[in-house]
Engineer: 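Pasting in a structure now, in C-alpha cells, and then I'll have a few things to ask.
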Amino acid sequence: MLTLADVSKSYGTRTLFSEVSLFVARTDRLGLVGPNGAGKSTLFNLILGEETTDEGTITWERGADFGFLPQESAPVGDETVLEIATSGKKHQGESAEEWDIDWTLEPRAKKILAGLGFREGDAERPAKTFSGGWVMRAHLARLLVSEPALLLLDEPTNHLDLEALLWFQDYLTRYPGGLIIISHDRAFLNALCTGILELRGGRLHRYTGNYDDYVAEKVARKEQQLAQYKNQQREIEHLQRFVDRFGAKASLASRAKSKEKQIERLQDEAVEAPEEELKRIHFKFPQPPRSGLKVITLENVEQAYGEHVVYRNLNFTAERGQRTVLVGPNGAGKSTLLKILADVVPIRAGKRELGSNVLTGYFAQNRLDNLRPDATVFDNVMELRTNENQLTEQQVRAILGAFLFRKDDVFKKVSVLSGGEKSRLALARLLVNPPNLLLMDEPTTHLDIPSIDALVGALKNFEGTLVFISHDVYFIRALAQSVLHVHSGRLTPYAGNYDYYLEKSRATNERAALTAGFTDARPAQAQPAAATPPSSSKTAEQRKSEARARSNEIKKLRIEVGKLEQRVSELEGKQSELTAALEAPETYQEPGKAQHLNRELTAIVDQLTAATEEWETAATRLGNLERIDSEAK
C-alpha cells in the first residue's frame with residue numbers, strides 16, 4: 001500500500017534520518033516510536049506530501065487513501081460537530097444524478113461521536129463552542145467515519161479520557177484498514193500493534209510484535225550486536241599484533257601483507273558498536289523537608305460548580321509517605337479533589353487543613369495552569385527565585401538542561417512549546433522548591449516513553465507524599481501503594497497497590513478497572529420527557545391501579561434506600577474508627593494488634609464498596625420511579 005525507498009531528510013546541517021526504507025501492507029498495524037525530536041512527525045509529513053524528501057521516493061498503491069490526525073487541530077469556523085465528523089466522506093460524481101448518497105453516514109457518525117464521549121445533542125452544536133480537545137475528538141470521528149485504507153495517528157490518545165480511550169482502542173482492534181500510530185502509551189501500543197518502527201540515530205528499525213515484544217527484541221539485538229562487535233575487534237587486534245611484530249621481516253612480509261588485507265576486509269564488513277542511548281531527561285527530586293505525620297486533612301468539605309454539587313460532607317486524610325492513585329469514572333470529581341487538596345479551587349463549606357511543615361506542589365493536567373505562556377522557558381523557572389533558595393542563572397540552566405532545554409532553547413516562549421516540552425518545563429519547576437506533598441494530574445501526558453521512565457525513577461526516590469491521577473497502568477503499577485476510588489461524591493479506599501485493587505474490584509481488564517463496575521458519574525443532561533399514551537388508551541381504573549402499585553413500590557424503595565444509607569454510614573464510621581486505631585502509637589505496643597486491625601479494615605472496605613453499589617442502584621431506581629410518578633400526575 002505504501003513504499004518508502006532510501007528516504008533522507010535534513011534541516012540545515014542536522015540530518016533527521018537517511019536511507020529510510022519501509023513497506024506498509026494493508027493489514028499492517030505499526031507503532032512509530034523514538035525520542036522527542038527523532039523525526040516521527042516529520043516522517044508523517046513526508047508521507048502526507050506536506051514536506052518533500054531530500055533524497056529517495058515515497059510511493060502509494062493506486063487507489064489507496066489515507067486519513068491523518070495531527071497532534072493539534074486547526075481553528076474551526078461555524079460548522080457543527082456532526083458536520084466535521086461527516087466531512088471526510090465525500091459523495092462525488094460527474095453529475096448530480098450520479099451522486100451516491102450514503103444514508104447510514106449520519107447515524108454512523110453519531111454512534112462514533114457517542115463512543116468518543118459526546119452526549120446526545122452535542123452533534124448539532126457549533127464545534128467552536130467546545131474546547132480544543134473536544135474539537136480533536138470530532139476530527140478523530142471524521143477519520144473513523146471515512147474509513148481510509150491507512151490511518152496515520154499522531155498521539156491520538158492525548159485528548160481522550162480513559163473511557164473514550166478504551167472505546168477507541170476497541171474500535172481500532174476491529175478497524176478494517178492499516179494503522180501507523182505515534183504514541184507514548186505502552187498499553188495502547190501493546191493492544192493494537194503487530195509491529196514497531198523505531199526512529200533512532202537517523203535510521204528506521206523494524207521489530208515484529210507489540211511494544212513489549214519490541215523492548216525484549218531490542219535488548220536481544222543490542223546484546224547480539226555487542227557480542228559480534230567485540231569478537232570482530234578481538235580478531236582485528238590479534239591480526240594487527242602479527243602485522244606490527246612481523247611486517248618488517250622479509251621472511252614473513254607476504255604473510256603480514258595478507259593479514260593487512262584481512263584486517264581491511266574485516267573493517268569494511270565490521271558490525272558497528274551499539275549506539276549509546278540518545279539524550280533523555282535524567283533528574284531526581286531534591287529531598288524535601290520532612291512533614292508531620294498527617295499531611296493534609298479535609299473535613300466535611302462541600303464543593304460545587306454552579307448548581308451541580310460534586311462533594312458533600314467529604315472527609316479525607318493523607319499521611320506522610322503515602323503514594324495514592326485516584327481512580328473512578330469521568331466527571332466523578334478526581335481532578336476536583338486534587339484541586340481542593342492543592343487549594344486552587346474554593347470550597348463552599350468544611351475545612352482544609354495542612355499538617356505541620358507541609359509544602360504543596362501541584363502539577364496541573366492543563367500544563368499552562370502552571371506556566372506563563374508569554375514568558376520564556378528560562379523566566380518561568382527564574383521567577384521561582386526566593387531569598388531562601390538564592391537561585392542563580394547557572395542553577396536554572398543546569399535544571400533546564402536535565403530536561404533537555406539546552407543553549408538557546410531556554411529563550412523559547414512557552415506559547416510555542418510542544419506538549420512534551422511544556423510537561424518537561426512544568427516538572428523542572430517542581431525541582432526549584434521541592435514540595436513534600438506532590439499532587440499530579442495525568443503527569444505522563446505528552447511525555448515520551450524514556451521520559452516517563454525517568455519520571456518513575458525520580459518519584460520512586462521521592463520521600464514526600466504523592467497523590468496522583470493517571471490512566472497509564474504502567475505508571476500506576478510502578479508507584480501506587482494505595483488506591484482511592486472516587487464516585488458520586490464518595491471516596492472508597494483500597495489499602496493496597498493496583499493489583500490488590502484489581503482483585504477486590506473483580507475487574508477483567510487492568511485498564512478498564514480504572515472505571516470498573518461503575519457508570520458515568522457526570523450530571524445527566526435534561527432529556528425530553530417520554531411521550532405518554534393518550535389518556536383514552538387507558539381507563540381511569542387502570543391508571544389508578546398503576547398509580548397505587550407505583551406508590552407502594554416507591555414506599556418500599558424509600559425504606560430500602562434509608563436502610564442502605566444507614567448501613568453505609570455505619571461502615572464509614574467503623575472505617576474511621578479502625579483508621580484512627582491504626583494511627584494510635586499504643587496499637588503497636590501490643591503484638592499482632594496492628595495486623596488484626598489491618599485485616600478488619602480490609603474487610604470493612606470491601607463491605608463498604610458493596611453497600612455503596614447497592615445504595616446507588618436502589619437510589620437510581622427510586623429516582624426514576626419518582627420521576628415517572630410525578631409525570632403521571
Engineer: Can you check whether E302's main-chain N or O pairs, donor with acceptor, with R312's side chain at less than 3.5 Å?
Structural biologist: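 It does not hold such a pair.
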Engineer: Not counting sequence neighbours, which residues clear salt bridge (Lys or Arg N to Asp or Glu O under 4.0 Å) with R429? List them please.
Structural biologist: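 R429: salt bridge (Lys or Arg N to Asp or Glu O under 4.0 Å) contacts with E383.
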Engineer: In chain order, what residues pass the salt bridge (Lys or Arg N to Asp or Glu O under 4.0 Å) check against E217, with sequence neighbours excluded?
Structural biologist: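 Scan of E217 (salt bridge (Lys or Arg N to Asp or Glu O under 4.0 Å), adjacent residues dropped) gives R221.
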Engineer: I'd like to know if the side chain of N380 and the backbone of R372 have a donor-acceptor N/O pair within less than 3.5 Å.
Structural biologist: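 Checked: pair present.
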Engineer: Of all residues at least two apart in sequence or in a different chain, which pass the side-chain contact (heavy atoms from CB on, under 4.5 Å) check with V215?
Structural biologist: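 Scan of V215 (side-chain contact (heavy atoms from CB on, under 4.5 Å), adjacent residues dropped) gives Y211.
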Engineer: Looking at residues at least two apart in the chain, or sitting in another chain, which of them share a salt bridge (Lys or Arg N to Asp or Glu O under 4.0 Å) with K351?
Structural biologist: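 For K351 the salt bridge (Lys or Arg N to Asp or Glu O under 4.0 Å) partners, ignoring immediate neighbours, are E299, E353.
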Engineer: Which atom pair, heavy atoms only, marks the closest approach of K334 to Y311?
Structural biologist: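 Looks like N-OH, 4.2 Å.
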Engineer: Between Y498 and Y501, what is the ring plane arrangement, given parallel below 30°, perpendicular above 60°, and tilted in between?
Structural biologist: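 Aromatic pair Y498/Y501 classed tilted.
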Engineer: Do you know the tightest heavy-atom contact between L192 and Q169?
Structural biologist: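 L192 and Q169 have their closest heavy atoms at CD2-O, 3.6 Å.
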Engineer: Should we count NZ of K422 as having more than 12 external heavy atoms under 6.0 Å?
Structural biologist: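 Atom NZ in K422 is packed in, count exceeds 12.
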Engineer: If the threshold is 4.0 Å, N to carboxylate O, is there a salt bridge linking E319 and K294?
Structural biologist: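 Answer for the salt bridge query: no.
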Engineer: Within the distance-only criterion (no hydrogens, no angle test), does the side chain of N357 pair as donor or acceptor with the backbone N or O of R290 below 3.5 angstrom?
Structural biologist: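 Flag set: sc N357 to bb R290 pair under 3.5 Å.
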Engineer: Identify, with sequence neighbours excluded, every residue that meets side-chain contact (heavy atoms from CB on, under 4.5 Å) alongside Q390.
Structural biologist: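 Only R385, N387 meet the side-chain contact (heavy atoms from CB on, under 4.5 Å) criterion with Q390.
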Engineer: Identify which one of L455, V456, N461 satisfies the side chain to side chain contact (heavy atoms under 4.5 Å, CB included) criterion when paired with L459.
Structural biologist: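 Of all the options given, the one that passes is L455.
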Engineer: Would you indicate whether the side-chain heavy atoms of L400 and L425 approach each other to under 4.5 Å?
Structural biologist: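 Side chain of L425 against side chain of L400, heavy atoms only: contact under 4.5 Å found.
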Engineer: List, one per line, each side-chain donor-acceptor pair under 3.5 Å for residues 471-482, sequence neighbours excluded.
Structural biologist:
unit_1, atom_1, unit_2, atom_2, d
H471, ND1, E442, OE2, 3.4
D472, OD1, Y474, N, 3.0
D472, OD1, F475, N, 3.2
Y474, OH, D453, OD1, 2.8
R477, NE, D499, OD1, 3.0
R477, NH1, E510, OE1, 2.5
R477, NH2, D499, OD1, 2.8
R477, NH2, E510, OE1, 3.2
S482, OG, T324, OG1, 2.8

Engineer: Quick one: does any side-chain atom of H487 pair with a main-chain N or O of G328 as donor and acceptor, under 3.5 Å?
Structural biologist: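 Such a contact is absent between H487 side chain and G328 backbone.
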Engineer: If you draw a 6.0 Å radius around CG in D374, do more than 12 non-hydrogen atoms from other residues or ligands fall strictly inside?
Structural biologist: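 Atom CG in D374 is packed in, count exceeds 12.
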Engineer: With sequence neighbours excluded, what pairs up with F378 under the ring pair (Phe, Tyr, Trp, His ring centres under 6.0 Å) test?
Structural biologist: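 Not a single residue meets the ring pair (Phe, Tyr, Trp, His ring centres under 6.0 Å) criterion with F378.
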Engineer: On a heavy-atom basis, which atom in Y500 and which in A495 lie closest, and how many Å separate them?
Structural biologist: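 Closest approach of Y500 to A495: CE2-N, 3.9 Å.
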Engineer: Ignoring hydrogens and geometry, is there a side-chain-to-backbone donor-acceptor pair from D154 to L69 under 3.5 Å?
Structural biologist: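 A pair under 3.5 Å: no.
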Engineer: Between L438 and L430, is there a side-chain heavy-atom distance shorter than 4.5 Å?
Structural biologist: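 In short, these two side chains touch, coming nearer than 4.5 Å.
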Engineer: Over all heavy atoms of both residues, which pair between G333 and V310 is shortest? Give the atoms and the distance, please.
Structural biologist: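 Smallest heavy-atom distance, with atoms named: CA-CG1, 4.0 Å.
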Engineer: According to side-chain contact (heavy atoms from CB on, under 4.5 Å), who are the partners of A304, at least two apart in sequence or on a separate chain?
Structural biologist: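 Residues passing side-chain contact (heavy atoms from CB on, under 4.5 Å) with A304: V309, R348.
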Engineer: Short question: side chain of T465, backbone of G321 - any donor-acceptor pair under 3.5 Å?
Structural biologist: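 Indeed, once roles are kept as given, a pair shorter than 3.5 Å links the two residues.
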Engineer: Within the structure provided, determine whether L338 and L326 are in side-chain contact (heavy-atom separation under 4.5 Å).
Structural biologist: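 When only atoms from C-beta onward are counted, L326 and L338 do touch, with a gap below 4.5 Å.
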Engineer: Measure the shortest side-chain to side-chain distance between T445 and S423 over non-hydrogen atoms and say whether it is less than 4.5 angstrom.
Structural biologist: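 The answer is no, as the side chains (C-beta and beyond) never meet within the 4.5 Å cut-off.
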Engineer: Holding to ring pair (Phe, Tyr, Trp, His ring centres under 6.0 Å), I want the full list of residues that pass it with F405, two or more places apart in sequence or in another chain.
Structural biologist: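 Per chain and number, F405 pairs via ring pair (Phe, Tyr, Trp, His ring centres under 6.0 Å) with no residue.
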Engineer: On a heavy-atom basis, which atom in L204 and which in L32 lie closest, and how many Å separate them?
Structural biologist: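 Of all heavy-atom pairs spanning L204 and L32, the closest is CD1-CD1, 4.1 Å.
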Engineer: With sequence neighbours left out, what residues match R397 under salt bridge (Lys or Arg N to Asp or Glu O under 4.0 Å)?
Structural biologist: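 With sequence neighbours excluded, R397 shows a salt bridge (Lys or Arg N to Asp or Glu O under 4.0 Å) to E393, given in chain and number order.
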Engineer: Do any pairs count as a salt bridge (Lys or Arg N to Asp or Glu O under 4.0 Å) and have a residue in residues 455-468, sequence neighbours left out, and if so which ones?
Structural biologist: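 Sorted result for residues 455-468: empty, none.
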Engineer: R352 side chain to I340 main-chain N or O, any donor-acceptor pair under 3.5 Å?
Structural biologist: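 Flag set: sc R352 to bb I340 pair under 3.5 Å.
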Engineer: Considering non-hydrogen atoms only, spot the tightest contact between L116 and A164 and give its length.
Structural biologist: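 Answer, listing the atom of L116 first, then A164: O-CB, 3.7 Å.
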Engineer: Just to verify, what does S291 make a side-chain contact (heavy atoms from CB on, under 4.5 Å) with, not counting sequence neighbours?
Structural biologist: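 Per chain and number, S291 pairs via side-chain contact (heavy atoms from CB on, under 4.5 Å) with V295, R320, V358, N436.
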